[in-house]
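Side-chain atoms are counted along with the backbone in the values below, which use heavy atoms only and exclude waters and symmetry mates. The residues of the chain are indexed from 1 along the displayed sequence.
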Amino acid sequence: MQPIFRIASSGIESTTADELADGEDRYILDVRNPDEHAEGIIPGAVKMPLPTVKERMDEIPREEKIYVICAAGGRSIKACKDLMAHGYRCVNVKDGMNAYHGPLEK
């Protein structure tokens, strides 16, 4: 099943958190803080707290669409804006982990 994308007024694509629970292979960037990561992350997600994104951009693949998630959607929008300014293709996961109901890994 193809995810549903919407373009927000910010110009950033968005999708729902539950779209990430479908098991499809995606590059998921979790920009929450380490204490939040300890509560659980989406399996396979890359942990990169928002304050470190700019300095660690070279670790993020440019050829893939990046699905960015945080707790509620605010930090992920900020990360998407930063990444898009450097040529990355991003999808903001609106409502973040607060709306995610899929499997978690610790």
Closest heavy-atom contact between [X] and [Y]?
{"X": "G74", "Y": "C70", "value": "N-SG, 3.7 Å"}
{"X": "L104", "Y": "E39", "value": "CD1-O, 4.3 Å"}
{"X": "C90", "Y": "E13", "value": "O-CB, 3.9 Å"}
{"X": "K94", "Y": "S14", "value": "CD-OG, 4.3 Å"}
{"X": "Y100", "Y": "A17", "value": "CD1-O, 3.4 Å"}
{"X": "P49", "Y": "P34", "value": "CG-CD, 3.9 Å"}

* Asked: How long is the span from the NE2 atom in H101 to the CG atom in N98, to the nearest 0.5 Å?
  ->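 H101 atom NE2 to N98 atom CG measures 9.5 Å (nearest 0.5 Å).
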
* Asked: NZ/K81 to CG/N92 distance, rounded to the nearest 0.5 angstrom?
  ->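 Here the interatomic distance stands at 10.0 Å.
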
Decide yes or no for [X] and [Y]: does some side-chain heavy atom of the first lie under 4.5 Å from some side-chain heavy atom of the second?
{"X": "R62", "Y": "Y88", "answer": "yes"}
{"X": "I42", "Y": "D30", "answer": "no"}
{"X": "I66", "Y": "R89", "answer": "no"}
{"X": "R75", "Y": "E36", "answer": "yes"}
{"X": "V46", "Y": "E59", "answer": "no"}
{"X": "K47", "Y": "L29", "answer": "no"}
{"X": "V31", "Y": "I69", "answer": "no"}

* Asked: So, does E19 use its side chain to make a donor-acceptor pair with the main chain of T16 at under 3.5 Å?
  ->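 No.
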
* Within the side chain of N33, is there an N or O that forms a donor-acceptor pair under 3.5 Å with the backbone of D35? ->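 No, because the side chain of N33 does not come within donor-acceptor range (under 3.5 Å) of the backbone of D35.
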
* **Crowding at CG, D25 (>12 non-hydrogen neighbours, <6.0 Å)** =>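 Not buried by this count: 12 neighbours or fewer within 6.0 Å.
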
* To do: Pick out which of L83, V91, V53 makes a side-chain contact (heavy atoms from CB on, under 4.5 Å) with V68.
  =>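 For V68, the side-chain contact (heavy atoms from CB on, under 4.5 Å) test succeeds with only one of L83, V91, V53, which is L83.
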
* Linked, directly or transitively: M48 and M57 (ILVMFWY side chains, under 4.5 Å) ->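 M48 clusters together with M57.
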
* In plain terms, say whether E64 and R26 are close enough for a salt bridge, that is, a side-chain N and a carboxylate O under 4.0 Å apart. =>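 So E64 does not pair with R26 through a salt bridge.
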
* Would K106 and I41 count as a side-chain contact (heavy atoms from CB on, under 4.5 Å) if you check the C-alpha gap in whole Å, the side-chain angles of each, and the deciding distance to 0.1 Å? -> CA-CA 6 Å; K106 298 232 177 192; I41 66 168; over 6 Å; no

